[in-house]
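Taking it in order: structure first as structure tokens, then the write-up.
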Amino acid sequence: MATEAIVVPVIDLANFPAELEKLAAASSGLGCFRVINHGIPLPLLAKMKETTRSLFDIPDDAKLRNVTGNFVDGGYVPPNYVPNVPFYESFGIYNAASPADVHSFCSLLDASPLQREIIVDYVGKLHILTMDLASKVAESLGLIDKYSFNGWSCHARLNYYKFKFQEDIGCIGVPTHTDSGFLTVVQEDECVGGLEIVDANGNFISVDPLPGTFFVNIGDVGKAWSNGRLQNAKHRVICKKAMPRISIVLFLLAPEDDKIEPQAAFIDIDHPKLYESYIYNEYRMQRRITGLRAGEILPVLTADHQAKMP
Ligand SMILES: O=C(O)CCC(=O)C(=O)O
Ligand SMILES: [Fe+2]
């Protein structure tokens, strides 16, 4: 299927508060943007990519040691975990906000001292960046008091797409989905594109990588928390080149108590409450059980229910 390419809005993190309006437009429109001047040293991005690549060289039984937390998908995802998707393989760091968890990930995979240093440094810096991006998104929507994302859970994924042959081109790497959390920060493969987002007309648009930047997209929690102001971007990955693709992803998920509810600041007479409160982990389970992973089962309130709201 032919897809058009799009230039994703670029947000300059060195130019705040001037960029707030542009950030609001991107997060509420397409539901995604890129960041430049993010402060993460470029050599660290390259080292983390190389480290990720080398982690996938360990034997398959060693990969299975990456099981963390009580979350079913907190750890290693083998090829074909998603039926008919043989290319995607992924490591997970269950609690990327916790240096102890990041260290335990490294220990379980027998990471070398250098690999450990790179992973700990990268995840720590990305976590700070992710929290800052979430605050800026909240601020861009006009929250007068700075909303605090302290204590929100954060999950990291190191993804490897084993694209190899000419016939792989056009095949699905990750099927169409939304991310279930608040927002997602992606270091894309700077050499191999393949990320596609769905626009307002339902068309897939390809996102070309821009080296040295991070791609950010809003997830389902962002949509519900903002009472529909933020747009959860549907996306997928397809094979564009007959060579492996690596991406490194940080997901900011949910508050400490796991309870998601539209913020009072976004509810008024012109903007009735659209979503019921829900428990993130339960929602996540429902996505898995039903296979509906593109925001279809966000607990939308009926018009009748809304009419009864204060
Ligand atoms: O690999 C990518 O660029 C995106 C992966 C993705 O969509 C995800 O892990 O949720
Ligand atoms: Fe995703």
Side-chain angles (χ1 to χ4, degrees), residues 3 5-6 8 27 30-35 45 48-49 52-53 55-56 66 71-79 81-82 85-94 96 123 126 130 153-163 168 171-198 204-223 230-241 243-254 280 283-284 287-288 291-296 298:
T3 46
I6 191 175
V8 173
S27 314
L30 218 45
C32 64
F33 53 91
R34 260 183 205 296
V35 289
L45 269 65
M48 184 63 187
K49 183 180 178 192
T52 299
R53 184 194 305 283
L55 284 183
F56 282 96
N66 170 217
F71 217 41
V72 212
D73 60 354
Y76 176 64
V77 175
Y81 176 79
V82 180
V85 180
F87 305 104
Y88 175 81
E89 197 181 352
S90 175
F91 289 117
I93 302 179
Y94 176 64
V123 175
L126 251 289
T130 302
S153 50
C154 193
H155 182 60
R157 285 229 151 260
L158 282 48
N159 299 325
Y160 188 87
Y161 301 80
K162 211 179 280 180
F163 300 139
D168 296 342
C171 290
I172 296 287
V174 168
T176 308
H177 65 284
T178 53
D179 295 338
S180 60
F182 185 87
L183 63 68
T184 307
V185 181
V186 187
Q187 179 185 334
E188 306 149 275
D189 195 309
E190 74 283 15
C191 310
V192 189
L195 181 61
E196 295 187 342
I197 53 168
V198 177
F204 284 103
I205 317 241
S206 60
V207 173
D208 292 334
L210 187 59
T213 70
F214 290 97
F215 176 83
V216 184
N217 65 271
I218 303 292
D220 296 348
V221 168
K223 177 122 186 167
L230 297 172
Q231 183 59 47
N232 50 350
K234 276 189 206 161
H235 56 283
R236 68 178 183 181
V237 174
I238 61 155
C239 175
K240 283 273 180 80
K241 272 191 191 173
M243 61 185 284
R245 175 178 188 274
I246 285 171
S247 65
I248 304 154
V249 185
L250 227 82
F251 301 94
L252 182 66
L253 301 177
Y280 173 72
Y283 172 69
R284 183 95 192 235
R287 276 177 46 124
R288 178 188 318 283
L292 297 170
R293 293 167 189 262
E296 303 91 331
L298 265 179

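Whatever order the structure lists ligands and atoms in, that order sets their numbers, starting from 1. Since the structure is predicted, the reported quantities are computational estimates derived from the model, not experimental observations.
- Using a distance-only test at 3.5 Å, with no hydrogens or angles considered, a donor-acceptor pair links the side chain of Asn66 to the main chain of Tyr76.
- A donor-acceptor contact closer than 3.5 angstrom links the side chains of Thr178 and Arg287.
- Among protein heavy atoms, atom 3 (O) of ligand 1 sits closest to Arg245 NH2, 2.9 Å.
- Between the Arg53 side chain and the Met48 main chain, no donor and acceptor come within less than 3.5 Å of each other.
- Contact annotation for His235 and ligand 1: only side-chain heavy atoms (C-beta onward) come within less than 4.0 Å of the ligand.
- At a cut-off of 3.5 Å, with distance as the only test, a side-chain donor of Asn159 or Ser90 sits close to an acceptor on the other residue.
- In terms of polar-atom proximity, Tyr88 is not counted as a contact of ligand 1, lacking any N or O under 3.5 Å from an N or O of the ligand.
- Protein atoms of type N, O or S found under 2.8 Å from the Fe ion (ligand 2) total 3.
- Remark: ligand 1 atoms within the under-4.0 Å shell around heavy atoms of Asp179 are 10 (O).
- At the shortest separation from atom 6 (C) of ligand 1 among protein heavy atoms lies His177 NE2, 3.9 Å.
- Closest non-hydrogen pair, Phe204 versus Thr176, comes out as CZ-OG1, 3.3 Å.
- Ring planes of His155 and Tyr94: perpendicular class, angle over 60° (limits at 30 and 60°).
- Contact annotation: for Val174 versus ligand 1, there are no heavy atoms closer than 4.0 Å.
- Shown in contact with Phe251 at under 4.0 Å from a heavy atom are these atoms of ligand 1, numbered in order with element: 8 (C), 9 (O), 10 (O).
- Within ligand 1, counting atoms from 1 as listed, the ones closer than 4.0 Å to a heavy atom of Ser247 are 1 (O), 2 (C), 3 (O).
- A donor-acceptor pair shorter than 3.5 Å can be found between the side chains of Ser180 and Tyr280.
- Of the protein's non-hydrogen atoms, Tyr161 OH, 3.4 Å is the one closest to atom 5 (C) of ligand 1.
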Checklist line | Evaluation steps, side-chain contact (heavy atoms from CB on, under 4.5 Å), between Asn232 and Leu298 | finding: CA-CA 11 Å; Asn232 50 350; Leu298 265 179; 4.2 Å; yes
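- Counting all heavy atoms, side chain and backbone alike, Phe56 lies closest to Leu158 at CZ-O, 3.2 Å.
- Inclusion of Glu188 in the set of residues having an N or O under 3.5 Å from an N or O of ligand 1 is not warranted.
- Taking the ring centre of Tyr161 as origin, the terminal cationic atom of Arg245 falls inside the region bounded by 6.0 Å and 45° from the ring axis.
- For the 3.5 Å distance criterion, the side chains of Tyr81 and Glu89 fail to qualify, holding no donor opposite an acceptor.
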